[in-house]
Amino acid sequence: MDDPFEIDEFAASPEMRLQDAPAPDYLANLNAEQREAVETLDGPLLVLAGAGTGKTRVLTTRLAHLLETKGQTERLHPQQILAVTFTNRAAKEMQERVAHALGRPVEGWWLGTFHSLAARLLRRHAELVGLQSNFTILDSDDQVRLLKQIMDAEQIDQKKWPAKQLMGIIQRWKDKGLSPERVNESVEFANGGAKYLYKIYQERLAVLNAADFGDLLLHCLTLFQKHPEILRRYQETFRYVLVDEYQDTNVAQYLWLRALAMVHRNICCVGDDDQAIYSWRGAEVGNILRFESDFPGAKVVRLEQNYRSTPHILAAASKLITFNDGRLGKELWTELDTGEKVFVKGVWDGEAEARLVGEDIEALQSKGVGASHMAILVRAGFQTREFEERLITLGIPYRVVGGPRFYERQEIRDALAYIRMVAQPDDSLAFERIVNVPKRGVGKATLQTLHQYSRDQAVSLPAAALDLIGTEELKPKMRQAIGGLLGDFKRWREMLETTSHVAVLETVLDESGYTDMWRTSKEIDAPGRLENLKELVSAIGEFENLTSFLEHVSLVMENEQNADQEKVTIMTLHAAKGLEFDYVFLPGWEEGVFPHQRAMDESGVKGLEEERRLAYVGITRARKRATVSYAANRRIYNQWQSALPSRFVDELPDEHVERISDTGLGNHRGNVSPGAWGADDWMKMPSWADNKPAESYNPYGGTGERRFASAGWQDRVRKNVIDVKPDGETSYTTSSKSSKYKVGDAVRHRKFGPGTVKAVDGNKLEIHFEGVGTKKVVDSFILPG
DNA sequence: CGCCCTACTGTGTGG
DNA sequence: CAGTAGGGCG
């Protein structure tokens, strides 16, 4: 493999110029020193900014200036920059803006989300943490399915302890940078069950050559810890580190960043403590508060001039957020004209609310406002439905961000499972998904036998299948069906060596009978599914290899609808972070919904304050008008429930708000359902207060020399994911245990009864059973006589 | 083994 | 009201 640290001789084009520096007025209220710091400072820099003050523009400005100034004077190469954003969309936007500012495209730098950057890094060194470079990245569905299988085997009652919820606990441990061993050391409370499952789960992932989202960072941390020389080289490589939305980094991300930034210490973080809305997935506002002690001598720049919202909107949001304690505190100001007050509207029920929003949108459209300038921001995903229905009725085009995705459709997931099996032979979850699709007569009983063997031998499901088809544990029909399928996969893998992956995918879908399955299907949407499959085939062509395509799907892929069309955006408040719209609708401001009951049940005042920050984020998305609304009645599970207006409604200052109520109702206390989770001790989340993995983990070393070899990096940066090595012979991770039985031993089999061992071949035995005859069976299904 | 019918449960935010 | 897990039957 090529040396990942190699960087080509840098050839800067002398005519490179900042064409149109991104919005310089975003830095206008800084003094010359601060401004210079933002643009070119060497050394730690923290930009504290409020909502709508142009945080991200600042990062973009800095990037553009670094590339131009340092690029020429100090031969700073794009590949020596690590820039972390919160979403892939933000990364894309930054890429485009910098390209625009410099008047040329910039490529090769490490720009993306934590997950995508960590995955890129990890692929290069996967062997060192017990994975192969073509490891699968599991989505949350697969994570839960895997845990369910483990719990089935361990005979844990999943009614009492749902796998989904346990998965949440494990993920939060990962967010805190805690591997199974570290959980054992540092989590003191009685949660032995979850700890035990975490350990088994992690062992199983290694067998399957798979990583979940949390692993991408966690394995990096392990790598840095065990291989300081590798960490050192990355520390030397990354001369500048830039981080957006720093208030929402979790412990694992913090450790990752700190480790990488520690040599050059040119780390620039941008954040706003009032917009910390991800503590539920392990984010620590403490990271931003600790910045100055982590990086002594750090320069701090404050941005307080708001360039986005009208004074009324800004004042309403600012007042609301003052109800939180323990803020860093800031005074936002604006030079914009007064504008409209924030509207607060009370309505009778959810339907009336949707109607109201629909009418407002129509009124705006008739005044010539484009639909793309309007957004409906909801607290929870399911709330989008009533608005979608209303907008469909009115014929208003809309798009739901984070809604059902192309890659979540059944036919696409099936096809992806086939690709996964080709790319990574040990992918048990993919194997399980497609082993009987189209129907091959493989049912529960067969699958159970495979599962048992794969657990006992600690091999993947397909490897187990490969072993068992050589024995008589399975019925002849099954042996043929599964054997045929495994043979097909072997052939398809070999085909990759000589054929393009696009052609291979087409072959796979054809020869497996998958396309035929839909072609002959009588379902109404079968033709549409075939269309989708065609789309998938064309999408894969844009990627270097199967692994990079699969990584793109699991980490980057967004629903790319024709963005050029004018559409109203519907999305959750969380997804709206960092965005802005002229007109923003904020429905569902009712106690129990927003603030959400469970946030308060689980985290008390802290939970409430996070909900309030979410409300703050919501209001400050608006440039020209924010419309808050609440309904007095709502139908939940076909049951009518009445609700009180959110306390946040009361906390908005009268002088900046125009209150309109349809009904004057909504003041009788409703029985807002609390949603009873986790009363059981076993399930309780640990208290993290005393748990400080950050302090005890010290992954960074000293400084070192810089050394850069020269080679064609341009070719390499695009394919940062390693090619799949099609290798039918050695591709399965198999266990080569030998049997504890020897010829002549008296043994017993579940199905065949008592018998005598006649021959031994590894863990495969030939046994003569009385009245049954001689059978080939596997060691692990045999009991001593 | 696979299909169909019934009973139950769910919906908090994301990569 | 959905969607699905699990049981029973062909």
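A, B, ... follow the sequence lines: proteins, then strands. Residue 1 opens every chain.
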Exercise. Would you call the rings of A/Trp518 and A/Tyr514 parallel, tilted or perpendicular, where under 30° means parallel and over 60° means perpendicular?
Worked result: perpendicular
For this session: Quick one: label A/His596 by what it contacts on the DNA or RNA (base, sugar-phosphate, nothing), any heavy atom closer than 4.0 Å.
Result: sugar-phosphate
Exercise. Out of B/dG12, B/dG14, B/dG15, which nucleotide sits closest to the side chain of A/Gln171?
Worked result: B/dG15
Got a list of protein N/O to nucleotides 1-3 of chain B N/O distances below 3.5 Å?
| unit_1 | atom_1 | unit_2 | atom_2 | d |
| --- | --- | --- | --- | --- |
| B/dC1 | OP1 | A/Thr446 | N | 3.2 |
| B/dC1 | OP1 | A/Thr446 | OG1 | 2.8 |
| B/dC1 | OP2 | A/Ala445 | N | 2.7 |

Seminar exercise, completed: Residues at least two apart in sequence or cross-chain that pass side-chain contact (heavy atoms from CB on, under 4.5 Å) with A/Asp152, listed by chain then number, are A/Gln158
Problem set entry | Nearest-Å distance for atom pair NZ/P, residues A/Lys577 and B/dG15 | 10 Å
For this session: Please report, rounded to the nearest Å, how far the C1' atom of B/dG14 is from the NE2 atom of A/His115.
Result: 9 Å
Problem set entry | Euclidean distance, atom CZ of residue A/Phe382 to atom C1' of B/dT11 [Å, nearest integer] | 5 Å
Exercise. Hey, does A/Glu610 reach any base, or is it just sugar-phosphate, or nothing, if we go heavy atoms under 4.0 Å?
Worked result: nothing
Exercise. For the pair made of CG in A/Leu217 and P in B/dG14, what is the distance, rounded to whole Å?
Worked result: 18 Å
For this session: Would you mind reading off the distance between A/Asn88 atom CG and B/dG15 atom P, rounded to a whole angstrom?
Result: 8 Å
Exercise. So, is A/Arg281 close to the B/dG14 phosphate, meaning a side-chain N or O under 4.0 Å from OP1 or OP2?
Worked result: no
For this session: Answer yes or no: does a side-chain N or O of A/Thr572 lie under 4.0 Å from OP1 or OP2 of B/dG14?
Result: yes
Seminar exercise, completed: Ranking B/dG12, B/dG14, B/dT11 by distance to the side chain of A/Lys164, first place goes to B/dT11
For this session: Using a heavy-atom cut-off of under 4.0 Å over every strand shown, decide if A/Arg635 touches base, sugar-phosphate, or nothing.
Result: nothing
Exercise. Given atom CG of A/Leu122 and atom C1' of B/dG15, what is their separation to the nearest angstrom?
Worked result: 15 Å
For this session: Name the nucleic acid region contacted by A/Tyr278, choosing base, sugar-phosphate or nothing; use a 4.0 angstrom heavy-atom cut-off, strictly under.
Result: sugar-phosphate
Problem set entry | Where at least one partner belongs to residues 434-447 of chain A, residue pairs that pass salt bridge (charged side-chain N to carboxylate O under 4.0 Å, His left out), sequence neighbours excluded | none
Exercise. Taking the side chain of A/Ser140 as its heavy atoms from C-beta onward, which of B/dG15, B/dG14, B/dG12 lies nearest to it?
Worked result: B/dG15
Problem set entry | A/Arg385 vs A/Thr87, nearer the 5' end of DNA chain B by closest nucleotide | A/Arg385
Exercise. Atom CZ of A/Arg120 and atom C1' of B/dG15: how far apart are they, to the nearest Å?
Worked result: 18 Å
Exercise. Does A/Arg390 have any side-chain hydrogen bond (donor to acceptor under 3.5 Å, both in side chains) partners at least two apart in sequence or in another chain, and if so, which?
Worked result: none
Exercise. Where does the angle between the aromatic ring planes of A/His552 and A/Phe543 fall among parallel (under 30°), tilted (30 to 60°) and perpendicular (over 60°)?
Worked result: tilted
Problem set entry | All ring-ring contact (aromatic ring centres under 6.0 Å, His included) counterparts of A/Phe213, not counting sequence neighbours | A/His115
Problem set entry | Nearest-neighbour nucleotide for the A/Ala575 side chain, B/dG15, B/dG12, B/dG14 considered | B/dG14
Exercise. With sequence neighbours left out, what residues match A/Tyr616 under ring-ring contact (aromatic ring centres under 6.0 Å, His included)?
Worked result: none
